[in-house]
Amino acid sequence: MAAPAEPCAGQGVWNQTEPEPAATSLLSLCFLRTAGVWVPPMYLWVLGPIYLLFIHHHGRGYLRMSPLFKAKMVLGFALIVLCTSSVAVALWKIQQGTSEAPEFLIHPTVWLTTMSFAVFLIHTERKKGVQSSGVLFGYWLLCFVLPATSAAQQASGAGFQSDPVRHLSTYLCLSLVVAQFVLSCLADQPPFFPEDPQQSNTCPEAGASFPSKAMFWWVSGLVWRGYRRPLRPKDLWSLGSENSSEELVSRLEKAWIRNRSTARRHTKATTFKRKGSSDMEAPDTEPFLRQEGSQWGPLLKAIWQVFHSTFLLGTLSLVISDVFRFTVPKLLSLFLEFIGDPKPPAWKGYLLAVLMFLSACLQTLFEQQNMYRLKVLQMRLRSAITGLVYRKVLALSSGSRKASAVGDVVNLVSVDVQRLTESVLYLNGLWLPLVWIVVCFVYLWQLLGPSALTAIAVFLSLLPLNFFITKKRNHHQEEQMRQKDLRARLTSSILRNSKTIKFHGWEGAFLDRVLGIRGQELGALRTSGLLFSVSLVSFQVSTFLVALVVFAVHTLVAENAMDAEKAFVTLTVLNILNKAQAFLPFSIHSLVQARVSFDRLVAFLCLEEVDPDAVDSSSSGEAGRTLTKVMSCLPSCVTRINLTVPQGCLLAVVGPVGAGKSSLLSALLGELSKVDGFMSIKGAVAYVPQEAWVQNTSVVENVCFGQELEPAWLERVLEACALRPDVDSFPEGVHTSIGEQVRVSRSFCDRETLQKAAVYLLGWTPLASPLDAHVGAACLQTRSSGPGWATQGTKQNLGPAPRTPEAPLQAGGPSVDPRGPSSQSLRRTVPLQKPRQRFL
């Protein structure tokens, strides 16, 4: 509530109660009084509805009625009663015929409605689980600072005797506002029934007060603990659900799939409309329409939908920081004007000095808040996109795997994702430095007049050069990443076949190829770096040229000489201009790299995937596996198949090399494109390829594969795979480390990679693999008495096998014979044991 004063009128006053027009400066008592009355209500009525909408969609439960909440409500109702009494007194005086200015009725009424809204916000925050409010913290701060300044000036002017009742109500209101401000600096208790599950050693940021979040006091405990002793893993806070990779990847994947489906429907609709309008032009336009579906619009939209709130909050902090940045030159100009004029009162100089100090502090504070928000956004974006790439790798079709090698995926995760996340810091650098430059030119125009036009001319003369440099650097960045992919593919191939290369003496030839590709990559990188250096030098030189030309032109042309105010303020503005011009090339450099990386990521994420509906895994089908009329993308490879594998069956597919045995297993896994037919598999599937893969860890962890250890199951696996003698010979038993770093036999790897499942698909037959004869027979005997099995082998290396309930399939020629070999060969085999487990 503004401090009272005697009514008056005059030109240049802010309201009708100003005794006399003190000054036209922004620091006059009229301005301070008017700002104290209208700024806090405007602040709350602008941000309050947005804040209500935000906490309505991000509720965390509700808080119990703590003593802190009760104290806030009591003080809020006291302020409402005080404002109501002020309105009642003003109405009573008007009814008595006393001449009253409109402000004595309007101002208390506005404050009454605003205080009621503030009390409603306090109650809503308790219902939504908000422990500390930044919006109300700013509101109570404004309600105290601005009115207190004008009230102090009125008290020093001995205006208390004119209207003691209104003065007492003003001071009482300020006292209650100070109490509310102190309470807003405290944090309430955690929610009674939180929506997110409680974790041990949670991060204190969620329950910290607003000043603690703004000043980063909540991290001081960890810093102090690290100063006293080395930190341990248990000292670190647990990760919240909003920062977990599971939550982030799932949200981004859902948004990406939804936006991509929408883009495809839009492309199909556009194609249909164009075909309907002109059938002759449709074949020419279809390739371009197909390219529209592969653009980076859906992924960019998905990233915006998931992470826009954090980015906008950081951008808001940066904009507020820039407001305080440009407040410093204006305050400096007022301070230099105050020094040159001895008439203004001394309090104005102290106030200007304090405001300059606070502006610099608040600028730094909001800059750090922006940096913190963007760093959190970088962490979340990196986790989400990396997880999206890994999930895409698991769903790639066989054709897409040929187009994207392992080295390409490594480059995507290590280089492209890193560049994309780093560009988040420079996104605002595309438009914000331009705003800085415009504001700086406005300042220079106010200070120097038409001489500031020379600064615009110098700056615009360098823009064509930088646009040309940006275009050329984009081309060299694409060339560098292309050469990096080639080098990664070649290096990966060399490492996989290093023994063969050494045996043939091809080290020098492959080394020359790698160095040649590396040389082209370094050439593109060197050219891009030189262009960036030229761009950076041009921006740095432009600042010096602007200062030199502006001062020279103003000294030669202007009638008024250069004084201290113009010189110091101009140098301050040019310093801001220098920061803007230094930040702009870095932003362009980062975003050029990010665009190339983003195109590569989108191209990878748009690769063809396996059809999830190719294999029917519903539980309503017939027990066993049914495969009918399946065609693959490989011509005459897997065609005209009618196959049913009942429960507990061991099926062997035999045939020469290239007959389609592995393609049949790939079709069962859904990795081949199904043109027609139906395929159903009931139960979990375990597939062992022709080349076994073992993790670099212990035997027990390879068997469990991330699942909880079951000792009984472990013993069954070791016995079924005939691994017990091998494990007993290890120094640490099942806890012995194996993998690429520890040499073990191929026989051990093939047996060890079998996992728990209801359906087993083997890319090799135990009798045709590097297993010993008795080990292979034991494996087949054990497998045939378990769940369903399908195995493959060539005619030449497949030894005598136990008899199967179904005849073996013979693979040869363009199709697979469903009847298998003659029945005479089956009569000479030993019958299998009856299935002991039910095959679902």
Side-chain angles (χ1 to χ4, degrees), residues 47 50-52 54-55 57-72 118 121-142 144 178-228 231 234-244 247 309-314 316-318 320-321 361-362 364-380:
L47 297 182
I50 303 175
Y51 180 61
L52 279 177
F54 176 79
I55 63 177
H57 292 285
H58 298 82
R60 299 177 53 199
Y62 72 91
L63 305 177
R64 289 172 288 185
M65 297 185 64
S66 61
L68 180 61
F69 169 76
K70 295 178 182 178
K72 290 181 179 180
L121 281 179
I122 294 174
H123 177 70
T124 306
E125 287 177 347
R126 187 187 73 87
K127 300 289 288 184
K128 295 298 181 179
V130 179
Q131 299 176 248
S132 182
S133 173
V135 174
L136 289 179
F137 176 86
Y139 171 70
W140 298 123
L141 180 62
L142 292 176
F144 165 68
V178 170
Q180 282 279 29
F181 174 72
V182 173
L183 293 180
S184 65
C185 296
L186 305 177
D188 213 330
Q189 299 177 357
F192 191 59
F193 291 110
E195 296 186 358
D196 297 331
Q198 292 291 337
Q199 298 177 348
S200 59
N201 195 17
T202 58
C203 180
E205 182 185 8
S209 61
F210 178 77
S212 177
K213 293 179 180 179
M215 302 290 184
F216 301 102
W217 293 336
W218 54 271
V219 78
S220 58
L222 184 63
V223 174
W224 177 250
R225 192 180 302 114
Y227 170 75
R228 297 179 61 185
L231 292 177
K234 65 179 181 180
D235 296 328
L236 302 180
W237 303 311
S238 57
L239 201 62
S241 60
E242 69 277 3
N243 293 323
S244 63
E247 177 72 15
S309 59
T310 306
F311 178 75
L312 291 178
L313 189 59
L316 178 62
S317 301
L318 187 59
I320 297 175
S321 172
C361 293
L362 292 175
T364 304
L365 179 64
F366 281 101
E367 277 184 350
Q368 297 307 315
Q369 284 292 330
N370 166 69
M371 187 62 64
Y372 171 70
R373 301 295 175 186
L374 294 185
K375 287 295 183 180
V376 171
L377 177 58
Q378 282 185 321
M379 177 194 67
R380 295 175 178 176

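- Looking at every heavy atom in both residues, S133 comes nearest to L136 through OG-N, 3.2 Å.
- Between the side chain of Q180 and the main chain of K72, a donor-acceptor pair closer than 3.5 Å is present.
- Taken to the nearest 0.5 Å, the CG atom of L183 stands 10.0 Å off from the CH2 atom of W140.
- Residue A187 comes nearest to G207 through the heavy atom pair CB-O, 3.5 Å, listed as atom of the first residue, atom of the second, then distance.
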Worked check of side-chain contact (heavy atoms from CB on, under 4.5 Å) between E242 and E247:
CA-CA 7 Å; E242 69 277 3; E247 177 72 15; 6.0 Å; no
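- Between S209 and L186, the closest heavy-atom pair is CB-C, 4.0 Å.
- How far CG of L316 is from CZ of F311: 12.0 Å, rounded to the nearest 0.5 Å.
- Residues A208 and S132 come closest through the heavy atom pair O-CB, 3.9 Å.
- For OH of Y372, the number of neighbouring non-hydrogen atoms (other residues, nucleotides, ligands) closer than 6.0 Å is greater than 12.
- Between the side chain of R126 and the backbone N or O of L63, at least one donor-acceptor pair lies under 3.5 Å.
- Here the CD atom belonging to E125 is positioned 8.5 Å from the CG atom belonging to L52, to the nearest 0.5 angstrom.
- Contact record, R373 with T310: O-CG2, 3.6 Å, taken as the closest heavy-atom pair.
- Sparse packing is recorded around CE of M371, with 12 or fewer heavy atoms of other residues, nucleotides or ligands lying under 6.0 Å away.
- How far OG of S317 is from CD of Q368: 11.0 Å, rounded to the nearest 0.5 Å.
- Between Q189 and S66, the side chains place no donor N or O within less than 3.5 Å of an acceptor N or O (distance only, hydrogens not considered).
- Residues S321 and E367 approach most closely at OG-CG, 2.9 Å, considering heavy atoms.
- Rounding to the nearest 0.5 Å places CZ of F54 at 12.5 Å from NZ of K128.
- Atoms CH2 and SG, on W237 and C203 in that order, are 5.0 Å from each other to the nearest 0.5 Å.
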Kindly indicate, with the supporting measurements, whether the criterion side-chain contact (heavy atoms from CB on, under 4.5 Å) is fulfilled by Q378 and L374.
CA-CA 6 Å; Q378 282 185 321; L374 294 185; 5.6 Å; no
Donor-acceptor contacts, no H, no angles, side chain residues 210-228, under 3.5 Å, sequence neighbours left out:
from : atom 1 : to   : atom 2 : distance (Å)
S212 : OG     : W218 : N      : 3.1
S220 : OG     : W217 : O      : 2.6

